[in-house]
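First up is the structure itself, then whatever we jot down about it.
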Amino acid sequence: MPKWTEQQQNAIDARGSNILVSAAAGSGKTAVLVERVVSHLLLPENDKNHWDVDRLMVVTFTNAAAEEMRQRIEKALEEKIESERLAENSDKKLIERIEKQKILLSNASISTMHSFCQNLIRQNFAVLDLDPAFRAGHDQEIKIMQQEVMEEVFEKYYENSDSFIHAFAEKYGSDKNGDEELYKIVMKLYHMAYNQPFPNKWLNDIAERFDVNPDGRIADTFWGKRI
């Protein structure tokens with residue numbers, strides 16, 4: 001049985017609220033999360049804090065981390081069963097609850113966010129009116145699709161003789177590579193935006209910083225205040 005620090009024990013025992021655990025690499029965050037999950041699984045089913053493992057959503061950054069998390073939970077449950085069976089006054093109901101959780105673990109949503117969403121779509125393809133044989137695109141396929149969409153969007157702007165696109169092309173385009181430099185700028189902005197929690201708000205905020213009153217003072221602009 002690991003000896004938890006006070007902060008770790010608090011993270012394991014906290015109930016009835018959202019919690020955020022922030023700690024350095026190798027400090028035991030995963031072990032704490034596993035212990036927190038298992039502690040809920042072992043509670044009696046009539047306890048409001050009881051969880052069934054197949055009702056949880058545990059998200060990791062990689063498939064390897066997801067598999068490690070699943071294995072750790074399974075190992076922790078096995079250790080709980082073993083220690084309970086060896087106890088003088090073993091709790092048969094507790095052992096039954098643990099064995100039930102071990103069975104449910106195979107259907108638990110312990111995965112990356114992408115895998116979770118993919119499974120969710122597969123389970124509801126009829127409601128979404130999707131081909132059940134859909135698949136996630138490979139990186140190269142996605143890049144080709146993005147390029148095609150980009151060309152189509154630019155073409156529409158050019159056809160409409162939009163003053164913005166002509167100013168954009170004149171300032172940042174290249175006679176040698178056509179619109180390729182413009183595509184790169186748009187894609188870079190796209191990726192930067194979607195690394196933000198609220199991408200549209202982030203884009204609008206950036207645009208507002210450049211909406212400068214020509215009669216105003218530099219000191220009153222966003223950039224002037226930063227300087």
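Just so you know, these numbers come straight off a predicted model, no measurement behind them.
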Query raised in the report: Quick one: do K80 and E35 make a salt bridge, cutoff under 4.0 Å?
Result: yes

**Report entry** Beyond-backbone contact of R217 with D220, side-chain heavy atoms, under 4.5 angstrom
**Finding:** yes

Query raised in the report: With side chains defined as the heavy atoms from C-beta onward, is the minimum distance between I110 and M57 less than 4.5 Å?
Result: no

Requested in this report: Using a strict 4.0 Å threshold on nitrogen-to-oxygen distance, state whether R85 and E99 make a salt bridge.
Outcome: yes

Report summary line: Taken to the nearest 0.5 Å, the spacing of I144 CD1 from H138 NE2 works out to 11.5 Å

Query raised in the report: Rounded to the nearest 0.5 Å, how far does CD of Q118 lie from CD of Q123?
Result: 11.5 Å

Query raised in the report: Is the closest side-chain heavy-atom distance between R36 and I19 below 4.5 Å?
Result: yes

Query raised in the report: Got more than 12 heavy atoms from elsewhere within 6.0 Å of CD1, I218?
Result: no

Query raised in the report: Counting only N and O atoms by type, is there a donor-acceptor contact under 3.5 Å from the side chain of Q8 to the main-chain atoms of T5?
Result: yes

Query raised in the report: If Ile, Leu, Val, Met, Phe, Trp and Tyr residues are connected whenever their side-chain heavy atoms lie under 4.5 Å apart, and connections chain through other members, are I73 and L56 in the same group?
Result: yes

Query - Check against side-chain contact (heavy atoms from CB on, under 4.5 Å), D131 and F125 - result: CA-CA 7 Å; D131 185 338; F125 70 88; over 6 Å; no

Query raised in the report: Salt bridge between R55 and D52, side-chain N to carboxylate O under 4.0 Å?
Result: no

Query raised in the report: Should W51 and Q101 be marked as a side-chain contact (heavy atoms from CB on, under 4.5 Å) after you check the CA-CA gap, both sets of side-chain angles, and the distance that decides it?
Result: CA-CA 9 Å; W51 299 340; Q101 298 305 320; over 6 Å; no

Query raised in the report: Would a distance-only check, ignoring hydrogens and angles, find a side-chain to backbone donor-acceptor pair under 3.5 Å from N195 to H191?
Result: yes

Query raised in the report: Could you give the distance from CG (L105) to CD (Q71), rounded to the nearest 0.5 Å?
Result: 10.0 Å

Requested in this report: Give the intermediate values and the outcome of side-chain contact (heavy atoms from CB on, under 4.5 Å) for residues Y183 and Q146.
Outcome: CA-CA 10 Å; Y183 297 163; Q146 288 175 336; over 6 Å; no

Report task. Measure from the side-chain N and O atoms of N213 to the backbone N and O of D215, and report whether any donor-acceptor pair falls under 3.5 Å. Result -> yes

**Report entry** Non-hydrogen side-chain atoms of S111 and E67 separated by less than 4.5 Å
**Finding:** no

Report task. Of all the heavy-atom pairs spanning A193 and P199, show the shortest one and how long it is. Result -> O-CB, 3.2 Å

Query raised in the report: If we only count heavy atoms from C-beta on, is the T112 to F61 side-chain gap below 4.5 Å?
Result: no

Query - Cluster check V21, V37: I/L/V/M/F/W/Y, side chain < 4.5 angstrom - result: no

Requested in this report: Give the C-alpha distance, both sets of side-chain angles, the deciding distance and a yes or no for salt bridge (Lys or Arg N to Asp or Glu O under 4.0 Å) between K201 and E208.
Outcome: CA-CA 10 Å; K201 181 181 183 304; E208 286 178 6; over 6 Å; no

Query - Side-chain heavy atoms of V186 within contact of F154, under 4.5 Å - result: yes

Report task. Check for a donor-acceptor pair, side chain of H166 on one end and backbone N or O of S161 on the other, with a separation under 3.5 Å. Result -> no

Query raised in the report: Are Y194 and V149 linked, directly or through other ILVMFWY residues, by side chains that come within less than 4.5 angstrom of each other?
Result: yes

Requested in this report: Could you tell me whether the side chain of L94 reaches within less than 4.5 Å of the side chain of L42, counting heavy atoms only?
Outcome: yes

Query - Pair E96 + K100: basic N to acidic O under 4.0 Å - result: no

**Report entry** Short side-chain to backbone donor-acceptor contact, W202 and P197, under 3.5 Å
**Finding:** no

Query raised in the report: Is it the case that one hydrophobic cluster holds both L182 and M192, taking links as side-chain heavy atoms less than 4.5 Å apart, direct or via other members?
Result: no

Query raised in the report: With distance as the sole test, does R15 use its side chain to make a donor-acceptor pair with the main-chain N or O of N49 at under 3.5 Å?
Result: no

**Report entry** Worked check of side-chain contact (heavy atoms from CB on, under 4.5 Å) between S115 and N63
**Finding:** CA-CA 9 Å; S115 296; N63 291 322; 3.7 Å; yes

**Report entry** Nearest heavy-atom neighbours spanning N89 and E84
**Finding:** O-OE2, 4.0 Å

Query - Trace of the ring-ring contact (aromatic ring centres under 6.0 Å, His included) decision for F168 with Y157 - result: CA-CA 11 Å; F168 181 45; Y157 273 99; 9.7 Å; no

Query - Whether H50 side chain and L43 backbone form a donor-acceptor pair below 3.5 Å - result: yes

Requested in this report: Kindly give the heavy-atom pair with the smallest separation between T60 and T62, and that separation in Å.
Outcome: OG1-O, 2.9 Å

Query raised in the report: Between Y158 and D179, does any side-chain donor sit less than 3.5 Å from a side-chain acceptor?
Result: yes

Query raised in the report: Where the side chain of R135 meets the backbone of A133, is there a donor-acceptor pair that is under 3.5 Å apart?
Result: no

Query raised in the report: Hey, any chance M69 and I98 share a hydrophobic cluster, counting ILVMFWY side chains that come within less than 4.5 Å of each other, even indirectly?
Result: yes

**Report entry** Close side-chain approach of Q9 to I12, heavy-atom, < 4.5 Å
**Finding:** yes

Query raised in the report: Near M113 CE, under 6.0 Å, is it more than 12 heavy atoms from other residues, nucleotides or ligands?
Result: no

Requested in this report: Could you tell me whether E45 and R97 have a side-chain N and a carboxylate O separated by less than 4.0 Å?
Outcome: no

**Report entry** Verdict with supporting geometry, E159 and K156, salt bridge (Lys or Arg N to Asp or Glu O under 4.0 Å)
**Finding:** CA-CA 5 Å; E159 287 176 358; K156 285 183 178 179; over 6 Å; no

Query raised in the report: Is the shortest side-chain N to carboxylate O distance from E148 to K143 below 4.0 Å?
Result: no

Query - Test item: R70 side-chain N/O and A108 main-chain N/O as donor-acceptor pair under 3.5 Å - result: yes

Report task. Indicate yes or no for a side-chain donor-acceptor contact from S90 to the backbone of K92 under 3.5 Å, with no hydrogens or angles considered. Result -> no

